[in-house]
Amino acid sequence: MAQSNGTDVRLMKGNEALAEAALRAGMQAYFGYPITPQSEVMEYLTMHAPEHPGVVILQAESELAAINMVYGAAGAGARVMISSSSPGISLMQEGLSYMTSAQLPALVVNVQRGGPGLGTIQPSQGDYFQAVKGGGHGDYRLIVLAPASVQEMVDFVFDAFRLTEKYRNPAMILADGALGQMMEKVALPPVGSLPRSAAPWATVGKPATRERNIVTSLFIQPERMEQINLQLQAKYRTLEKEEVRCEQLQMEDADFALVAFGLTSRICQKAMELARQKGIRVGLIRPITLYPFPSAVIRKAAGQVEAFVTVEMNAGQMVEDVRLAVDGTRPVHFTGRMGGMIPTPEEILAKIEAVVAEPSLQHA
Amino acid sequence: MAQSNGTDVRLMKGNEALAEAALRAGMQAYFGYPITPQSEVMEYLTMHAPEHPGVVILQAESELAAINMVYGAAGAGARVMISSSSPGISLMQEGLSYMTSAQLPALVVNVQRGGPGLGTIQPSQGDYFQAVKGGGHGDYRLIVLAPASVQEMVDFVFDAFRLTEKYRNPAMILADGALGQMMEKVALPPVGSLPRSAAPWATVGKPATRERNIVTSLFIQPERMEQINLQLQAKYRTLEKEEVRCEQLQMEDADFALVAFGLTSRICQKAMELARQKGIRVGLIRPITLYPFPSAVIRKAAGQVEAFVTVEMNAGQMVEDVRLAVDGTRPVHFTGRMGGMIPTPEEILAKIEAVVAEPSLQHA
Amino acid sequence: MKEPDVIEGMEVVYRKPQTLTATPMHYCPGCSHGVVHKILMEVVDEMGIQDKTVGVAPVGCSVFAYDYMNVDMQEAAHGRASAVATGIRRVLPDTYVFAYQGDGDLAAIGTGETVHTVNRGENILMVFINNGIYGMTGGQMAPTSLLGMKTSTSPYGREAAVNGYPLRITELLAQLPGAYYVTRQSVHTTAAVRKCKKAIEASFRYQTEKRGTCFIEVVANCPSGWKMTPNEANDWLEKNMFPYYPIGDIKAPKQ
Amino acid sequence: MKEPDVIEGMEVVYRKPQTLTATPMHYCPGCSHGVVHKILMEVVDEMGIQDKTVGVAPVGCSVFAYDYMNVDMQEAAHGRASAVATGIRRVLPDTYVFAYQGDGDLAAIGTGETVHTVNRGENILMVFINNGIYGMTGGQMAPTSLLGMKTSTSPYGREAAVNGYPLRITELLAQLPGAYYVTRQSVHTTAAVRKCKKAIEASFRYQTEKRGTCFIEVVANCPSGWKMTPNEANDWLEKNMFPYYPIGDIKAPKQ
Amino acid sequence: MNHAHEIIIAGFGGQGVLSMGQIISYSAMKEGKEVSWMPSYGPEMRGGTANCIVIVSEQRISSPIVTRFDTAIVLNQPSLDKFQAAVKPGGLLLYERSTIITPPTRTDIEVMGIPGLEEAQRLTSKQVANMVLLGAFLERRPVVKRENVISALHSVLPPHRQHLLPANEQALARGRELALEHAGRLVES
Amino acid sequence: MNHAHEIIIAGFGGQGVLSMGQIISYSAMKEGKEVSWMPSYGPEMRGGTANCIVIVSEQRISSPIVTRFDTAIVLNQPSLDKFQAAVKPGGLLLYERSTIITPPTRTDIEVMGIPGLEEAQRLTSKQVANMVLLGAFLERRPVVKRENVISALHSVLPPHRQHLLPANEQALARGRELALEHAGRLVES
Amino acid sequence: MIRGTIVVDTQICKGCELCITACPQDCLELSPGLNQKGYRYAQLKNDTCTGCVNCAIVCPDCAITVYRQAKKPRSVAVTA
Amino acid sequence: MIRGTIVVDTQICKGCELCITACPQDCLELSPGLNQKGYRYAQLKNDTCTGCVNCAIVCPDCAITVYRQAKKPRSVAVTA
Ligand SMILES: Cc1ncc(C[n+]2csc(CCOP(=O)(O)OP(=O)(O)O)c2C)c(N)n1
Ligand SMILES: Cc1ncc(C[n+]2csc(CCOP(=O)(O)OP(=O)(O)O)c2C)c(N)n1
Ligand code: SF4
Ligand code: SF4
Ligand code: SF4
Ligand code: SF4
Ligand code: SF4
Ligand code: SF4
Ligand SMILES: [Mg+2]
Ligand SMILES: [Mg+2]
């Protein structure tokens, strides 16, 4: 089903589309460990790796081993990916902290499920804090992209590899079980479309012509460690300036703004349609990069709308970043479902109507 | 050196004082793994456990094993503690998420060091986000207490055991390397002063008279998992209402408020003295419970002071919670050091002076 | 639904033990998990130790074991059942503690905990269900999957050069001084079930004597993961699993 | 500071290899780590493979190994050196990869990674410095600490009933088919150093032949952790460590 | 509003409800339409019930999860009980008649019971029962073209099942007939 | 402001700087004073330098970490170089003269070089060199009482070192004498 | 020949057929009809059952209760 | 007797004495004075050194360079 522009169009599950995208994006190594609802990623890769000779696909003995294999392979200059779901990602927190500190590029995929604990295997956005504030120790950030469609499960793989390599900081695709399991039409970019820039810092064997390369996160003198931290912070400031991505829908005339990411943003679209049918002018702001967060967009919108309603599949996590952006200038409301439950458009509509009906739109 | 009221006064290292306090607080089991700068905790416990027959002290093969031993022992109804430092705590994130979900009480001690990665072993407060927002997956909170003296390393052990058992939610003492290593005078409460309430939910063997007890975090039906989450959230609302602790120093007449926790708050006190010598009326707000966070205290102070200066040994983490509390009504500034560096009173003073000198105290 | 004690003048000679709950098990038809659950609970029943027994369920198909076993139980994180059991047993030294784990749980992600639990000689029973596959997550390769075995993550068959050899972890563990009784059993025939039950009985006995870790591997089927009928799976088990995982005691105390 | 090649008409017959950097090592006086670093780098030097070698340092006293070894290196999280080495070797299949780990790192927190790396037969060299103690963190008990050994977390001596027996992990690993060459060496005498170096040479050779994992345990001293002078420590090593950790090949390919 | 058709297909795992949805989706994609297929997954699947929501639209699809449907195709009693109320007024409720004890009660929608299982067994094997229902559905709601469904079948069936193609086609055709008959009966009665 | 005395004690690991600080702290506690002892720990300790900050005060101590000191006691050259500038004007800089190559240069503070090592070796063993300096310090800045230091020594020394008590006491006394002599010289010169 | 019989909990039985294979008397078969979960279930096809309990022992779902002609009953798992 | 000698890098040497124990000629001792790090360092105490390299091989700090009377030099780690 190749199209004239060289892209394939297929009907695919999110997890499989992501795996195919990784192969086409020139991923050189994948390490993982099975966990629902993302096991199809490794299953697809083991099935299709032979079509891409030289690609390493290895089922590790654990997520802990897997993230450290990623560390090794990334440090050796390979384009590398790992995927898991919530509990498995928790096990990688030490590794992720190490990787940010050692400034290694890698793509980490979290297809979230309901928590905390073993929880459920149903879709959730309960790991926002973990992804965005840093679940591991120390001051670091991941670059976090939140897809909302199977097509974006493909596109963001390319994007995330580009970003992680440009900034030498791990990037995360934060999806959820529904996105991983659902099928949609996807256009697949051709193989070889994402060139890899040189990694002169990689440990590949020291030729006589250069000093040895060292990949480490140990800087035992605190003065030195602070320098590393300042480097990281400078990088994060650049990210915040240059790499924010955000989608706005029908915000032109909006009196109320929904704020939602990932799958939830699509449910919000439906709710927005319903609200507009009832004459309520609702717009939608969808943060695509959760870190760097589109604070400026939201701050700007605060000058226009009467109130914000944040919708998440959790107890209220991104809403803190929305509040920080709005900084008290407008009320920020929240509605969400937890533990694997998905909010319905009708529930969201009801929340919008309740907000609209508030006697005063002053901040409580 | 027993005193008339039955307490001992001694000169002790923070880590050792904490260990002695745990023994006196009736801790029944401790599981841990060595890591600087808190290894003295287990060293002290192995040395002194024989004075408390029946107490279990076990060096586990890893932090991962240790936190899961804690899970088992807590589930069996024991009063149990674990301690580590930043990288080791990262490895416990899955376990902590499980424990909150299974609603198990336990005391987790993090004597922080500089990160991210292997970093340094010097004091840091870089794990605030991890402790307070939840470094593991899913919507959960730890009860987080931040001591600022060796005496509080003792007192908060009692407090934390009481809170963790009352709310059946893991509690954390978030200290730092300096607090662990420094010596101060401490008064030690007597053994047996912290009664343990019954744990009818514990797995101790099912008598014919009751249904079996199950400790689990798996609630595979999302509707059920959402109920569990609602329970947890209700518990967190109660904590926010009833268990907030906060110290205020010289806030009566303050025009500017420093906000700092743990050791940093003491450095801020010195800075406050210096500032007041220069005629700048500075007060200090010290959150003692980092979760639940003393938002109300800060919000109230916003009606009084011209600006806030948050000081942390990190790149700016608690400052987000300060901003959320202030909600745009006053400027909130930040200064901090990273990676194991400690801010000096003079640096903090300089920051205060810069804030005071701002042409307008309007929010940028 | 309890059947009557006497029927047509005949007396009941075998029925579900009261230490199993009434909840129907969620396992696939013919799955070995059910059989092992049953005999484990029969032993608890017959020894009269329901009130002194605490079990630990793993993450794997048997994650719901506590729905069926009528004893106090804890559900451990993936791989950590033996650490959880250690925690329990250390604070309740007079309790019978067992951990029940699959091959992914015990021999992949939990390898560290497994080795060290046995090395410490924790006075617990470890039951290890080796079905050569990750049943719960949909049939991925386990550390114990046989060479050439096709699974959803080894679609062209397991290759030693890529994935290493099937791991006989039980033989390794048997060498640790902390291991007191180590045996490999199965439950695919009546005789096998009876032997396996005897091993469980012995293990619980050794626990009171605090002799160290008892470890029972059960070479088990997974009809769904193997994509066979239960009877085919049991045949395959004998023909393919037994040669690599031979049945019998690996380390047995002198009687 | 390089010494001259010729002095008083005599020629240099032994000097520091150029594959070691000029940085003075931070190890305590007499510590085995230094000796092992040196012979490892001598082999890299003599085989002329500096440009094809990537090393992995652990968390432990040898965490700074990359300050001294003049080859490309990665510093792994505590216990994960063999996983990191796996990642490197899989994407750079024609490189010589070694992981260098202490007993806490390899045999406690890293047990899972260790077992599975060897089980997969990763084509790497694993160097395992067994000094029976956690040197770096101040002398806590290691899985390999001997019974009765006093450490800062076993102040009354290690007890089997509480902490289990010292773990002979090397013997366990030798049984895995993925292990190609497994040997236990020491570096406390000139002869021992020479033998150990031979083992390293052989291991690097086997790596080109992609025969599986080579594993060298070095029974090492830790004068500081043991609270002895270096010479006392080496004596203690012979008298106490060797009986439990006997020197020699455990699994050697037929020549 | 937009020209979306929102469908739920539900039944026991193994009845082929997920692949019915996939075939519709695949055909829609071939026709250049927008489509989303959202399966239930997880606990209820293991031996229990399964369902998928399929949305076919001329425009970009917002939420792939909806709670009210233009069509519900239900293959067992629990699914009928669960989704009957979720059909929009004027919508279609198509059910497998062979296994239903309590038939639907709504009167504001089009209700059609098809004995897919019986018919399938009569044709070749009960495995194509879902195709009988699919045929009937497409007769009443031609969201995709019949010929595209046939070619979708070619693409969706794994190689070792390609020999079942003729049986599937027969079943589709039989479903269409039954729907026509049913419509006829409706008209008659 | 308050009556705090802020002291830094610095030298090589093994020279006993941490225990000097502990003895002062312990004595102060016995006298009912507030006290804090903050060691450097970490990388610089392994064979390198070590130091501790001791604060003795009549009031609650705010920051246990300060950057300017009333007294600096330095036992090696790097520590002298590092902490000389941190002594408050009018403060005391006490240094181990035996190992210092470049002596201090400040004139706005009291500077006192004591050959603790030589004196200690003369007395019994170089291990009590730190006590010589402590004796000298207490003569110049009696932040704690001499008799309390002696009894602190009893509490701080581990059992197998109690036999060193007399030597320690001698060293303290010798330090005091040296400080008096030094002060005398200062006056004379 | 000792006489025995079994009672199968037809709603619990999943029709795995392991009991059929295990029965030395070949007296078991699957039902033609389905239970509520859609499984054919085990049933006696003749009266040659001896109450030997083989079938019950291998049944993973504890679906079989076994009875035997009065004699001293075996004590396998009988605790009622 | 073959003649040899050694050069000790006195600033690198930590005075561990392992070389002293290893020397078959008993020609090593510790210096009376200390180096910059505070260690007494190894030094030759007589001229019986044969250049056998034993001392250098056990030295953990690579502090010893060994020389020997011209003959074909051994090739241990000589790469300069
Ligand atoms: C940390 C973590 N990783 C992965 C999973 C997903 N997971 C659930 S069960 C399982 C493996 C089950 O296999 P096994 O232990 O062999 O048990 P079986 O189902 O075969 O009985 C996995 C990988 C998880 N729940 N948690
Ligand atoms: C996750 C984690 N846990 C614990 C530590 C602390 N730690 C550093 S080194 C070490 C043990 C070192 O012992 P070993 O591996 O035997 O090496 P040695 O120092 O004896 O050479 C430990 C526990 C750490 N850095 N990270
Ligand atoms: S998937 Fe396999 S192990 Fe799991 S219940 Fe089914 S047959 Fe048993
Ligand atoms: S602590 Fe032990 S292992 Fe570490 S450098 Fe010192 S002697 Fe060597
Ligand atoms: S063994 Fe049990 S579940 Fe299987 S068919 Fe027989 S009675 Fe039914
Ligand atoms: S009890 Fe014995 S004879 Fe009777 S049905 Fe069961 S296996 Fe057959
Ligand atoms: S070279 Fe040989 S003889 Fe010379 S000092 Fe060294 S060990 Fe002694
Ligand atoms: S072996 Fe090396 S470090 Fe040790 S004393 Fe001899 S020369 Fe010095
Ligand atoms: Mg399995
Ligand atoms: Mg060690």
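In what follows, every chain begins at residue 1, and chains take the letters A, B, ... in the order their sequences are listed.
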*For residues E:S63 and A:Q269, is any side-chain donor paired with an opposing acceptor at under 3.5 Å?*
no
*asked:* Looking at every non-hydrogen atom in both residues, tell me the closest pair between E:M29 and A:V9 and how far apart they are.
replied: SD-CG1, 4.3 Å
*When rounded to the nearest 0.5 angstrom, what is the spacing between CD1 in E:I65 and OG1 in A:T344?*
10.0 Å
*Indicate the atoms forming the closest heavy-atom contact of E:G32 with A:K185, along with that distance.*
O-NZ, 3.8 Å
*chain E: which of A:S149, A:P345, A:A148, A:A178 shares the most heavy-atom pairs with it under 4.5 Å?*
A:A178
*Straight-line distance of A:I267 CD1 to E:T67 OG1, nearest 0.5 Å*: 10.0 Å
*What part of E:V66 lies closer than 4.5 angstrom to a heavy atom of chain A: side chain, backbone, both or neither?*
side chain
*asked:* Using modelled atom types and a 3.5 Å cut-off, is there a donor and acceptor pairing between side-chain atoms of E:Y41 and backbone atoms of A:I121?
replied: yes
*asked:* Quick check for you: to the nearest 0.5 Å, what is the distance between E:W37 atom CH2 and A:M182 atom CE?
replied: 10.0 Å
*Atom NZ of E:K88: over 12 foreign heavy atoms under 6.0 Å*: yes
*asked:* With a 3.5 Å distance limit and no angle check, can you tell me whether A:R266 reaches the backbone of E:I61 through a side-chain donor-acceptor pair?
replied: yes
*Under a 4.5 Å heavy-atom cutoff, which of E:C52, E:G21, E:P64, E:A28 has the most pairs with chain A?*
E:P64
*A:L11 versus chain E, heavy atoms under 4.5 Å apart: side chain, backbone, both or neither?*
both
*Out of curiosity, A:M183 CE to E:M38 CE, how far, rounded to the nearest 0.5 Å?*
12.5 Å
